[in-house]
A.B. asks: 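Here it is, the structure in full.
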Amino acid sequence: MRWSKIFTPTLRETPAMAEAVSHKLLLRAGYIRQLTAGVYSYLPLAQRVLLKITAIIREEMNNIGGQEHLLPALNPAEIWQESGRWQVMGDNMFRLKDRKGAELCLAMTHEEIFTSIARDELRSYKQLPQIWYHIQTKFRDEARPKSGMLRVREFIMKDAYSFDLDLEGLDKAFEAHREAYCLIYKRCELEFSIVEASSGAMGGSKSSEFMVYSDAGEDWIASCADCKYAANTEKATSKIPSITDEAGLESPEKFPTPGVRTIEDLTTFPGGAAANRQIKTLVYMLDDKPALVLMRGDHQLNETKLTDSTQAINARPAHPAEIQNLLGALPGSLGAVGVKDIFIIADKALEGRTNMVTGANHNDHHLRGVSIARDINITKWADLRSVESGEGCPNCSGTLRVDKAIEVGHIFKLGTRYSESMKATVLNAEGKEVPIIMGCYGIGVGRILASAVELYNDADGISWPVSIAPFELVITPTNINDALQKETSTKLYEEFMAIGVDVILDDRDERPGVKFKDSDLIGIPYRITLGKKLKEGKVEFFTRRNKEVKDVSLENIVEVLREAIAKANIVKP
RNA sequence: CGGGGAGUGGCGUAGUCUGGUAACGCGCUUGGUUUGGGACCAAGAGACCGGUGGUUCGAAUCCACUCUCCCCGACCA
């Protein structure tokens, strides 16, 4: 490719809308343009990167026996109704009607479609196992797209589905994907970690996420330095010191607390209590049914844990009016003592506690001397608490830390969640009809691209890993009007192309500074510069990542470059 | 959905409070001089100021409504 021909609209200034580093750089370097919130056009540079990422994914998926399909993005409502997810997906699904009024949606994921193919076509256990995948555009009507490519409404995803006769087969498929994913991320040079995660609306038992630690991420990961424990905070548990209470009063005692609205207020109020001696009472609507959620005063509720433990599809905090109606008081004075006929779920950290303080369901009044078991009619106990940095590792004596991360992949053991609801069965060796055991395995292709930029950038721009860079090498004659430079650079360019190096020749009639700035911004890993020393048969070899420059003779330059990129495990798209 | 911010040539902004017919930098075009880290000089092109309605002799500026985007939160296979 000649630079004079490629469309690379680089910008000197960053568009004001961008916040995340990857978003700014991808815009500035001419990779992407935004069409509307959460929807981007991938310009030629980005497309080159995407093709390289998907080539790596394809190779590793094919290596574990994956067979590539390409499934529709436009789906009829019926198939989603069959699995029950037409409702479950709620507002996150883009829905539309065709001219006949039939309901359709834009697929968010493809369990239903792949399962329907399996149901229609797989008859016998002899046809198992299967691993099917595709790389497709998916749609999600995110409430708030953000951070450039990291949270979008239209995105490219590789998703794979495994079909097995039994759980052993599923375990094997799951493990095969785990290993393939590790190879994929390694080859993209992403530093990642595998964490336990919630399965959420996907259903199924076990799920693992592949996370890239980055402040641009949206997930919080709890991890232990002393052992291998790592989990998304929506799933993570921790050890915390137990608290010994005094027996306290015979029965709860109501006392006035004018102006007290928060846990914090009550800790300083005369006759109040430390946060860890308070019961925080939250009111949630779980699928439009009210529930009281009880937490220790100093603990934070994790809503994913709440929905996971109650099987609720939608959970939202109740509105003040709903709360007033339900409990007769407003937030700040709420409690569960004496409450009947309402679902009450309590965090395990409250188990066995006595002599606590909580709201009295009477504005500006609280109760002291509350003993959970004696005074509150708990419907269900569950782990609802978000773990915090500094708490104890659940697996060893280490300490947990909590960091932000970008989710770049997620693998699930689905089991029979879809095969049962959609009746995808095969006959086993005994001639008995059994549901197919499924797994599903996703990779966010655009997120790999964005994560790589988040990980590899500096003041001058992007510094791509060689394996996914839009070009591996740029040849830069500092003055294209110099006959020797022009001739030599063209010769080198053709030579590198002939041996399969992905090279771009910067044949523009621009000042050297412009060329250097552009190639640094775009992030091409290696540059060969032809300048004054060319007359002595020397060119400059520049490494983008560490800015190292060395003079190399013309005879050796091909070999030097070849060695440099040999280390990257490159697949040609 | 709650809170905050912003829409002015391609990009970044000023102008809005205090109404008088749009300015600056970058980029772009042409000519010339330059050529190792985003050159310089000169001459140009390019904006009905997000939209609709209103107030006014006159609106980018004031008022009402509305659309869109960004950020925080909520939400998020």
Side-chain angles (χ1 to χ4, degrees), chain A residues 9-20 23-24 27-28 30 33-39 80 83 85 88-93 107-112 138-148 150-153 155 157 159-161 197-204 207 209 218-219 232 234 284-285 301 303-304 306-307 313-317 319-320 407 409-412 414 417-418 439-444 447 459-461 476-482 485 506 508-521 527 529-534 539-540 542 547 549:
Chain A
T10 56
L11 303 169
R12 289 205 185 197
E13 282 161 305
T14 307
M17 55 153 67
E19 190 74 18
H23 191 197
K24 287 182 186 168
L27 282 169
R28 263 197 71 201
R33 286 296 181 262
Q34 181 169 347
L35 216 213
T36 183
V39 181
W80 288 83
S83 70
R85 293 208 297 178
V88 175
M89 292 310 190
D91 289 338
N92 279 328
M93 188 144 75
M108 308 170 70
T109 172
H110 282 75
E111 283 75 18
E112 281 78 1
K138 318 250 169 180
F139 299 86
R140 263 174 231 180
D141 192 1
E142 291 283 352
R144 183 152 96 85
K146 58 183 243 187
S147 305
L150 290 172
R151 166 84 71 94
V152 287
R153 296 195 294 174
F155 54 98
M157 169 167 284
D159 53 333
Y161 300 85
S198 161
S199 301
M202 295 295 296
S207 90
E209 287 174 327
E218 316 190 276
D219 286 274
N232 196 308
E234 61 191 32
Y284 266 77
M285 300 302 283
L301 169 69
E303 286 193 4
T304 304
L306 177 63
T307 50
I313 293 166
N314 284 305
R316 64 166 174 87
H319 306 306
E407 178 189 355
H410 201 159
I411 59 180
F412 300 81
L414 293 176
R417 160 71 181 81
Y418 296 90
C440 84
Y441 316 90
I443 290 183
R447 279 192 179 172
D460 291 315
T476 308
T478 51
N479 183 354
I480 197 71
N481 299 316
D482 177 299
Q485 281 190 29
D506 196 345
R508 294 175 298 170
D509 186 8
E510 287 284 358
R511 299 167 60 85
V514 173
K515 297 186 179 189
F516 296 155
K517 288 288 183 192
D518 269 345
S519 63
D520 286 355
L521 177 60
R527 184 177 79 214
T529 312
L530 287 69
K532 294 202 172 77
K533 291 181 210 144
L534 183 61
V539 296
E540 229 172 63
F542 172 82
K547 308 262 175 72
V549 181

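Please read these numbers as outputs of a predicted model, since none were measured by experiment. Here is the naming used below: chain letters follow the sequence lines, and residue numbers restart at 1 for every chain. Atoms considered below: every heavy atom in the structure, side chains included; atoms not considered: hydrogens, waters and symmetry mates.
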A.B. asks: For B:A60 and B:U55, measure between their P atoms and round to the nearest Å.
C.D. replies: 16 Å

A.B. asks: Expressed in angstrom and rounded to an integer, what is the separation of A:L150 atom CG from B:C70 atom P?
C.D. replies: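 Taking atom P of B:C70 as the reference, CG of A:L150 is at 13 Å.
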
A.B. asks: For A:E112, enumerate each residue passing the side-chain hydrogen bond (donor to acceptor under 3.5 Å, both in side chains) test, keeping only those at least two apart in sequence or located in another chain.
C.D. replies: A:S83, A:R85

A.B. asks: Looking at residues at least two apart in the chain, or sitting in another chain, which of them share a side-chain hydrogen bond (donor to acceptor under 3.5 Å, both in side chains) with A:R316?
C.D. replies: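 Here the qualifying residues are A:H319, A:E322.
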
A.B. asks: Using the C1' atoms only, state how far B:A6 lies from B:G44, rounded to an integer number of Å.
C.D. replies: 32 Å

A.B. asks: Only counting residues at least two apart or in another chain, list the ones meeting salt bridge (Lys or Arg N to Asp or Glu O under 4.0 Å) with A:E234.
C.D. replies: none

A.B. asks: When rounded to the nearest Å, what value does the distance between P atoms of B:C11 and B:A59 take?
C.D. replies: 27 Å

A.B. asks: How close or far is atom P of B:G38 from atom CG of A:L521, stated in whole angstroms?
C.D. replies: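 For the pair A:L521 CG and B:G38 P, the rounded distance is 14 Å.
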
A.B. asks: If you measure from the C1' atom in B:G10 to the same atom in B:A45, how many Å do you get, rounded?
C.D. replies: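 Nearest-Å result for B:G10 against B:A45 at atom C1': 13 Å.
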
A.B. asks: Which parts of nucleotides 3-15 of chain B does protein reach within less than 4.0 Å, heavy atoms only, written one letter per nucleotide 5' to 3' as B for base, S for sugar-phosphate only and - for none?
C.D. replies: --------BSS--

A.B. asks: Looking for any heavy atom pair under 4.0 Å, which part of the strands does A:R28 touch: base, sugar-phosphate only, or nothing?
C.D. replies: base

A.B. asks: List for me each residue that meets side-chain hydrogen bond (donor to acceptor under 3.5 Å, both in side chains) alongside A:K138, sequence neighbours excluded, and say none if there are none.
C.D. replies: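 For A:K138, the residues satisfying side-chain hydrogen bond (donor to acceptor under 3.5 Å, both in side chains) (neighbours in sequence not counted) are A:H110, A:D159.
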
A.B. asks: For A:T307, report the nucleic acid contact type (base, sugar-phosphate, nothing); a contact means any heavy atom under 4.0 Å.
C.D. replies: nothing

A.B. asks: Using the test side-chain contact (heavy atoms from CB on, under 4.5 Å), find all partners of A:R33 that sit at least two apart in sequence or belong to another chain.
C.D. replies: A:P9, A:L11, A:L27, A:L43

A.B. asks: According to the Watson-Crick and G-U wobble definitions, with both distances under 3.5 Å, which nucleotide is paired to B:C26?
C.D. replies: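 In the structure as shown, B:C26 has B:G10 as its Watson-Crick or wobble partner.
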
A.B. asks: Report the residues that fulfil salt bridge (Lys or Arg N to Asp or Glu O under 4.0 Å) with A:D91, sequence neighbours left out, ordered by chain and then residue number.
C.D. replies: none

A.B. asks: Who are the side-chain hydrogen bond (donor to acceptor under 3.5 Å, both in side chains) partners of A:K533, not counting sequence neighbours?
C.D. replies: A:D551

A.B. asks: So what does A:R151 touch, heavy atoms closer than 4.0 Å: a base, only the sugar-phosphate, or nothing?
C.D. replies: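 Base, at least one base atom sits under 4.0 Å.
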
A.B. asks: Just the atom pairs and distances: protein N or O near nucleotides 35-37 of chain B's N or O, under 3.5 Å.
C.D. replies:
unit_1, atom_1, unit_2, atom_2, d
B:G36, OP2, A:K532, NZ, 3.1
B:G36, O6, A:G531, N, 3.2
B:G36, N1, A:E540, OE1, 3.4
B:G36, N1, A:E540, OE2, 2.9
B:G36, N2, A:E540, OE1, 2.4
B:G36, N2, A:E540, OE2, 2.8
B:G37, O6, A:R527, NH2, 2.9
B:G37, N1, A:D520, OD2, 3.0
B:G37, N2, A:D520, OD2, 2.3

A.B. asks: Can you tell me the distance, in whole Å, between the CD atom of A:E218 and the P atom of B:C71?
C.D. replies: 10 Å

A.B. asks: Distance check, P atoms only: B:C63 and B:G7, in whole angstrom units.
C.D. replies: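 Result for the P pair: 15 Å, nearest Å.
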
